[in-house]
Amino acid sequence: MSTSNFPTLLAATRRAFSLEEGAALQLEPILKGGSDRAYYRITGVQPCILSVYGTERQENESFAPLTHFLAERVGVPVPQILAQDLKARRLWLQDLGETDLYALAQSQSEDRLKACASALTHVARLHRFPLAQTDDLGSHVQLAFDNLLYQWEQDYFFNEFVIPFSQLKEESIASLREHPELARLRDDLAALPRCLVHRDFQSHNLIWHQGQTWFIDYQGLRPGRGEYDLASFLYDPYVDFTENERSQLLAVYQEALAQEVNPSLLRDCALQRLMQALGAYGYLSLKKGKTAFLEHIPPALERLRLVLAESPLSSTPLGTLRFETLRHEPFRSSA
């Protein structure tokens, strides 16, 4: 990442907090994620996180109003906005630290399952919030999950992952795209009642701070199925859960929601979400050059096979999909 803009960002930070021109500040890029947002950790006299967002995605402009909505009306933990310059597309946010749920999982921390339970308790609160009470948010709530969006996710999977990264022949891919079970999946999900969903509810977007889990990257908030968030979490390719842990966490969510989850519906949402995730990994690695996402493809495929086991799609080529990268220089790897 270029450091040429650091003086500009540091000067903007001093102005935002009315600091003296020579006030000591240090800026460190936070190198993760796949969006057109850049994050920097600022330390010194005003510790915070600076978010600089681009114009590639309209939803970036929704982060600030959604932050106030989630904190004040839904009651879930989100970072406080300390200062903002919306014209320059900059937000200065409360620094929640570096311990996301992915880091907890990798370290096998004793807080791991406690943090997971906290996350699911909070997201159940979001799912319970009356959708009718969001009309004043206007376009800051993104377009709802409907048949077209589920179709887009499936096409994303085929175009960005299956075609460039699998061993399947063109005729097999064309046949699989038209499989009636995929049509049934998107039709059934689109016909169900909706609630507010985070949209990208996975371990990198959840921070363990002061004894509870905080949400970040929620600018994609939209009406959908709560099971989609739940599936994103329980079948997260970044984190390994045992079946017993999944069952425990599912029970936590159901208790917080005060409602049981239909296992078939959870499976359908997991299948849909994992197709979207694999499409994203393919797109970000091949088209954006972020090859670190390649390492998440094998666990995502493993989760996909797991949820396919009880699906009519298990007997199709989708059930035996393999990851082929040898055709793509400079990857030279396969799994």
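The basis for the numbers below is simple: all heavy atoms, side chains too, and nothing from hydrogens, waters or symmetry mates.
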* Asked: CG/Leu321 to CG/Leu304 distance, rounded to the nearest 0.5 angstrom?
  -> 7.0 Å
* Hey, can you tell me if Tyr228 and Tyr150 have their rings parallel, tilted or perpendicular (30° and 60° cut-offs)? => tilted
* Asked: Between Arg177 and Asn159, do the side chains contain an N or O donor and an N or O acceptor separated by less than 3.5 Å?
  -> yes
* If you count the non-hydrogen atoms of other residues, nucleotides and ligands that lie under 6.0 Å from CD in Glu310, is the total more than 12? -> no
* Asked: Where does the angle between the aromatic ring planes of His209 and Trp214 fall among parallel (under 30°), tilted (30 to 60°) and perpendicular (over 60°)?
  -> perpendicular
* Asked: Is Glu227 close to Leu192 at the side-chain level, that is, under 4.5 Å between some pair of heavy atoms?
  -> no
* Asked: Salt bridge check: are Asp146 and Arg186 linked by an N-O gap of less than 4.0 Å?
  -> no
* May I ask you to check whether Tyr281 and Phe157 place their ring centres under 6.0 Å from each other? => no
* Phe69: which of Leu196, Val78, Asp136 passes side chain to side chain contact (heavy atoms under 4.5 Å, CB included) -> Leu196
* Asked: Atom NE2 in His296, atom NE2 in His204: separation rounded to 0.5 Å?
  -> 5.0 Å
* Asked: Should the pair Phe201 and Phe233 be assigned to parallel (<30°), tilted (30 to 60°) or perpendicular (>60°) ring geometry?
  -> tilted
* Is a salt bridge present between Asp200 and Arg273, judged by a nitrogen-to-oxygen distance below 4.0 Å? -> yes
